[in-house]
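First up is the structure itself, then whatever we jot down about it.
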Amino acid sequence: MRYSQLFIPTLRQPPADAEAVSHKLLVRAGFVRQLAAGLYIFLPLGWKVMEKINNIIREEMNRIGAQELSMPVLHPAEVWQQTGRWDEIGDEMFRLKDRKGSDMCLGMTHEEIMTWLASKEIRSYKELPQTWYQIQTKLRDEARPKSGILRTREFTMKDSYSFDADEEALQKSYDLHIEAYNRIFDRCGLDFIIVDSDPGMMGGAMAHEYMAPSEAGEDEVALCTKCGFAANLELAGSVPLPSEDKEEALEEIETPEKRTVEEVSSFLKLKAMNFMKSLLVMTDGGPVLALVRGDQKLHEHKLQKIVGTLRHATKDEIKDTLGVEAGFIGPMGHDIRIVADEVLQKGCYVSGANKPHYHARGIKAGREFAAEWADIHFAQEGDGCPGCKEPLHIKKVIEIGNIFKLGTKYSAPLNAVYLDESGKEKPMIMGSYGIGPARIAAAAVEQNNDDNGIKWPKNIAPFDVAILPLNVKHDASIELAERIYGELRDKGVDVLMDDRDERAGIKFKDADLIGIPIHIIIGERNLKEDLVEIKDRSTGDADKIRSGDAVGSVLRSFSK
RNA sequence: CGGGGUGUAGCGCAGUCUGGUUAGCGCACCUGCCUUGGGAGCAGGGGGUCGGAGGUUCGAAUCCUCUCACCCCGACCA
């Protein structure tokens, strides 16, 4: 394609409200524009990248026998009501009524509709397994869209669903998806890791997430380089650094206006790990006091699994329940349920003295208080790996894909059943598998860029090659550029010909910003010696070669 | 939903505190000349209901009230 005929609105400066690198660069380089919060327009270049990603996904999904189809985006409420999610899901679902007043919603995912289809059409074990997928628009009324195209309210997703006769067959479908996903993310040129994840509201037994390490990511994972442990911080266990093993008698200390661990620890000149944080949460079963060590963060999800749905107590509730204001709460002498992190079983700690402006030291489990013990802390950098005790590393990551074993969570309520060999009716065993193509693009930019712009991985770059005739008024330059352009195109190479009457500097800057992997630079000076320059965008390496060798050289670099 | 911030030309910003000519600057854009290996130079030019509504005032980008939008942190995230 010819640059002069393309719409590539590049900007010298990024918009002021962009924060993430991928957001800034994708806007600057003319790939996307924002319509409203969490709603993005994909410009021609951006759309080309999306199509390349989607085609890789298609090829790999088809390779494992998955079949592409297309589902409506607008759904009747009934199906969602049958699985209970119509009520479980809150404001995040876009809901509307049709002209007859019937409740409808915009699909945030397609478990219900896919299962509905299976329930209508599949009768026999002979028709199983089936894996269906689509690359479809999803809509979610996100509480906080952010980071450009990383978290939007409308986005395309590759979602596939497997229907199997039993758990063993589901495992096969699951493994096939792992195979496909590994190939997809490899081909897209991403650095990625697979981690254990929390099945959450999706239900089901097992789940993994594909994560691309990046500072722009919203998730955090704990990794062990020694034994390969890898898990989302939403569920990652860890072995905290051991507490100091000391024996102290209980003693009250005046700590005027010192409430937080930070304040009290600097006041008493003690490390955070010498403290015990006492936090009051409210549950359906009444108030619960949660205890973690001063250097730890309470993991509400872990606690929730023990005590049920919870929320933080208000200041008044703390006073009413414990008789003391927040900041001076201690675990002693309360007649309520106490759940404490296991690390507190050993050692003596400082915590609130249950009276204003006083803390107490020498608080020891079993002596001053009793508790239920559990892992209710967030894993942090340096904690021991739960598998091999080596220090864990925490990394920020972008979630680019996930795979879930759903079991019968959807097939049971929607009555998606089949008859087995003995004529017995059984629910289908399902799996659900997602990939966010726009997140692949964003992650690729986050992982591959420099001060000059994007360095696209070659398989998802908007063009394979850019030809830059530096002076379009120089006949020999243009003749050569046209010849190379034609020959590369004949070989199936996706070429951008910068035929604009612009100065050399502008062409260099734009080619770098847009991030095309290979640049063929045709300058008047080199051409006198029959030379052209081939530049590799990602390494910056540039070679001068005979003009007649340009096409062959470029083709060779693709077969590498 | 809680906290913070920002809305002035396509993009980036100044002006607002302390009200007062035709509201400025850089880049981009248009015309001409010149230039062609890293976002050139000279000359000329176009583009704004200062997010919106109401109010105060002789006079509002500027002060007051309400409202909308967007961004960031947190909560949430099937």
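Numbered from 1 within each chain, the chains take letters A, B, ... in sequence-line order.
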P atoms of B/U16 and B/U21, separation to the nearest Å: 14 Å
Which nucleotide in B/A75, B/A40, B/G38 has an atom nearest any side-chain atom of A/Ala143: B/A75
Same-atom distance (C1') from B/C68 to B/G52, integer angstrom: 7 Å
Distance, rounded to the nearest Å, where A/Glu142 contributes CD and B/G74 contributes C1': 15 Å
A/Arg28 CZ - B/A28 C1' separation (whole Å): 13 Å
Interatomic distance at P, B/U65 relative to B/C27, whole Å: 39 Å
No-hydrogen, no-angle side-chain donor-acceptor test under 3.5 Å, A/Tyr161 and A/Thr131: no
Whole-Å P distance, B/C71 and B/U8: 14 Å
Of A/Arg12 and A/Asn402, the one whose closest RNA chain B nucleotide lies more 5': A/Arg12
Derivation of the ring-ring contact (aromatic ring centres under 6.0 Å, His included) call for A/Trp456 and A/Phe31: CA-CA 12 Å; A/Trp456 285 109; A/Phe31 287 74; 5.4 Å; yes
Sugar-phosphate, base or nothing in reach of A/Leu468, heavy atoms under 4.0 Å: nothing
Residue matched to B/C1 through Watson-Crick or wobble contacts both under 3.5 angstrom: B/G74
Polar contact flag, side-chain donor to acceptor under 3.5 angstrom, A/Asp159-A/Gln136: no
Donor-acceptor pair (no angle test) under 3.5 Å: A/Asn471 side chain, B/G37 base: no
Side chain of A/Asp17 (C-beta onward), nearest among B/C70, B/G38, B/G39: B/C70
Pair of N/O donor and acceptor under 3.5 Å linking B/G38 base with A/Asn452 side chain: no
Residues A/Lys277, A/Asp341: salt bridge by 4.0 Å N-O rule: no
A/Arg2 and A/Tyr485, any side-chain heavy atoms less than 4.5 Å apart: yes
Separation of the C1' atoms in B/U62 and B/G7, to the nearest angstrom: 15 Å
Distance-only polar pair, side chains of A/Tyr40 and A/Arg153, donor-acceptor under 3.5 Å: no
Toward the 5' end of RNA chain B, by each residue's nearest nucleotide, A/Glu19 or A/Met93: A/Glu19
Distances under 3.5 Å between nitrogen or oxygen atoms of protein and nucleotides 9-11 of chain B:
from	atom 1	to	atom 2	distance (Å)
B/C11	O2'	A/Gln13	O	3.4

Whole-Å distance separating the NE2 atom of A/His301 from the P atom of B/C76: 5 Å
Ion pair check, A/Glu257 and A/Arg259, cut-off under 4.0 Å: yes
Sugar-phosphate, base or nothing in reach of A/Lys146, heavy atoms under 4.0 Å: sugar-phosphate
d(CG, A/Asp91; P, B/A75) in whole Å: 18 Å
Any-strand Watson-Crick or G-U partner of B/G46, both distances under 3.5 Å: none
Rounded distance in Å between the P positions of B/C11 and B/G51: 14 Å
Interatomic distance, A/Asp543 CG vs B/G37 P [rounded to whole Å]: 21 Å
Residues A/Arg500, A/Asp510: salt bridge by 4.0 Å N-O rule: yes
Sugar-phosphate, base or nothing in reach of A/Lys138, heavy atoms under 4.0 Å: nothing
Quiz item: A/Glu533 side-chain donor-acceptor pair to B/G37 base, under 3.5 Å: yes
Touch class at under 4.0 angstrom, heavy-atom based, for A/Ala36 against every strand present: sugar-phosphate
A/Arg503 CZ to B/C42 P, straight-line distance once rounded to whole Å: 12 Å
Sugar-phosphate only, base, or nothing, as touched by A/Ser197 at under 4.0 Å among non-hydrogen atoms: nothing
Touch class at under 4.0 angstrom, heavy-atom based, for A/Asp501 against every strand present: base
C1'-based separation of B/C66 from B/A23 [nearest Å]: 26 Å
A/Glu300 CD to B/A75 P, straight-line distance once rounded to whole Å: 8 Å
A/Trp132/A/Phe163 aromatic ring centres below 6.0 Å: yes
A/Phe508 side chain, from C-beta outward: closest of B/G39, B/G38, B/C73: B/G38
Pairing partner of B/U57 (Watson-Crick or G-U wobble, both distances under 3.5 Å): none
Listed nucleotide nearest any side-chain atom of A/Leu470, set B/C76, B/G37, B/G39: B/G37
Separation of atom NZ in A/Lys509 from atom P in B/A40, rounded to whole Å: 10 Å
Below 4.0 Å: OP1/OP2 of B/A75 and any side-chain N or O of A/Arg144: no
Distance, P atom - from B/G48 to B/G24, rounded to whole angstrom: 13 Å
Watson-Crick or G-U wobble partner of B/C25, both distances under 3.5 Å: B/G12
Ionic contact status for A/Lys315 with A/Glu325, cut-off 4.0 Å: no
